[in-house]
There are 2 protein chains.
Amino acid sequence: MPTSTTVRPSNDARSDEHEALRVWLRLLTCTNLVEAQLRTRLRTNFDSTLPRFDLMAQLDRHPEGLKMSELSRLLMVTGGNVTGLTDKLADEGLVERRDDPRDRRSFTVMLTPAGQRQFDRMAREHGQWVVGLLAGLDHAEKQRMLKLLDRLKAHLSTISD
Amino acid sequence: MPTSTTVRPSNDARSDEHEALRVWLRLLTCTNLVEAQLRTRLRTNFDSTLPRFDLMAQLDRHPEGLKMSELSRLLMVTGGNVTGLTDKLADEGLVERRDDPRDRRSFTVMLTPAGQRQFDRMAREHGQWVVGLLAGLDHAEKQRMLKLLDRLKAHLSTISD
DNA sequence: CAAAAATACTTTACTCATGAATTAATTCGA
DNA sequence: TCGAATTAATTCATGAGTAAAGTATTTTTG
């Protein structure tokens, strides 16, 4: 008793599962390969890491500064993690914790001038790396991929938890 | 001096970069969302983790057992990591290191009967989770996605390093 | 065949992530 | 307004992950 409403012949649960697993595995593999490349290059070219780059990127996008809690939300990581990353970046003089005069519990985190300079250099390279890594897809394919990923993301957002 | 060979109007480096970054960000977001769901469910339903599941899945796929180095290659993680995961799974009696009679440097790692039983239960649920998480795409869309990811993976493989 | 190179795995030190508990400051409500 | 609840950030314990150095064994080669 097939439940399919299409003409596709074999639409049982097992083949659905197999198909979904194949897509998921490819997705994971591609993401990991790209991420590994970016990590390696950030390390060898700038002696930095992806989490640091991401944190600095958020600060670059918000020149007025961000609170720790805002960084946590934007980076989708826990507060304890942001504390650790910020500590190290501050030690290296790349970011600065500035007291918030309105609320003595919180800080405003900003890039220092040195941090801004370093980020600018990294961002320039990073963008070109991503172009190169995704060069396996032409313009039309990238657009198709974007559309599919948007649909997937929309579905996933309904699940959250 | 445009380098484009197509009729697409704005084909400068900046828009290429922007497009590539958009695709990469979506790819990363979707992967992270799926991964987070799988992690959470593995933890709450089986008190286990994704790395453990992945390791056991490889052993399930290779009932004759695998060497540590083969696990490292298949899981795409370092040897030290495999040592740690295997140690803990062995402590819990889910996998077993068996001496290789041909080479005293190496082991054959296998699922124990208890490990096999636990994996079977996890795999059944895991498959259904993935089906549900990817249900945002219909059959045709999954096929399109698979094709695009295959092209991307092929390109990435030429880069490796 | 002995020395050198390669291989298989472990160990160590470090980064990054989480969740739970803690501290301090602010806000809210009876 | 005072006590309770909330919020902002940190600390601590734990789990993966890496890279690099270490140990033991096997293989290669001169």
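Chain identifiers are assigned alphabetically (A, B, ...) following the order of the sequence lines, protein sequences preceding nucleic acid strands; residue numbering begins at 1 within each chain. When reading the values below, keep in mind they use all heavy atoms of this one structure, side chains included, and skip hydrogens, waters and symmetry mates.
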Which pairs, protein N/O on one side and nucleotides 2-7 of chain C N/O on the other, fall under 3.5 Å?
from  : atom 1 : to       : atom 2 : distance (Å)
C:dT7 : O2     : B:Arg105 : NH1    : 2.5

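- Ion pair A:Arg121/A:Glu125 not flagged as a salt bridge, since none of the NZ, NE, NH1 or NH2 atoms sits closer than 4.0 Å to an Asp/Glu carboxylate oxygen.
- Residues A:Trp129 and A:Leu50 share a single hydrophobic cluster, defined by chaining ILVMFWY side chains whose heavy atoms lie under 4.5 Å apart.
- Between B:Arg144 and B:Asp138 no salt bridge is recorded (no basic side-chain N to carboxylate O distance below 4.0 Å).
- Across all strands, A:Arg97 comes closer than 4.0 Å only to sugar-phosphate atoms, never to a base (heavy-atom distances).
- Tracing side-chain contacts under 4.5 Å through hydrophobic residues (I, L, V, M, F, W, Y), one never reaches A:Phe119 starting from A:Met110; they form parts of separate clusters.
- Heavy-atom nearest nucleotides on DNA chain C were determined for A:Arg102 and for A:Arg43, and the one closer to the 5' end corresponds to A:Arg43.
- B:Asp100 places its CG atom 10 Å from the C1' atom of C:dA8, with the value rounded to the nearest Å.
- When the side chains of ILVMFWY residues are joined at heavy-atom separations under 4.5 Å, either directly or via intervening members, B:Val131 and A:Ile159 end up in two distinct hydrophobic clusters.
- As rounded to whole Å, 14 Å separates atom C1' of C:dT15 from atom CG of A:Asp91.
- The shortest distance between side-chain heavy atoms of A:Phe107 and A:Asp99 falls below 4.5 Å.
- Taking atom CG on A:Leu50 and atom C1' on C:dT15, their separation rounds to 13 Å, with Å as the unit.
- B:Asn32 has its CG atom 10 Å from the P atom of C:dA17, to the nearest Å.
- One can place CZ of A:Arg39 at 14 Å from C1' of C:dC14, the figure rounded to the nearest angstrom.
- By the 4.0 Å N-to-carboxylate-O rule, A:Asp100 lies too far from A:Arg104 to be salt-bridged with it.
- Contact between B:Leu134 and A:Ala20 at its shortest, heavy atoms only, is CD1-O, 3.4 Å.
- Pairing each heavy atom of A:Val109 with each of A:Leu59, the nearest pair is O-CD2, 3.4 Å.
- Residues B:Asp54 and B:Leu74 fail the side-chain proximity criterion, which asks for heavy atoms closer than 4.5 Å.
- Salt bridge B:Arg97/B:Asp87: present, at least one basic N to carboxylate O contact under 4.0 Å.
- Taking atom NZ of B:Lys67 as the reference point, atom P of C:dT10 lies 13 Å away to the nearest angstrom.
- Sorted by residue number, the members of residues 68-88 of chain A with any non-hydrogen atom under 4.0 Å from DNA chain C read A:Met76, A:Val77, A:Thr78, A:Asn81, A:Leu85, A:Lys88.
- Close approach of DNA chain D to chain A, defined as any atom under 4.0 Å from a non-hydrogen atom of the protein, starts and stops at D:dT7 to D:dT11.
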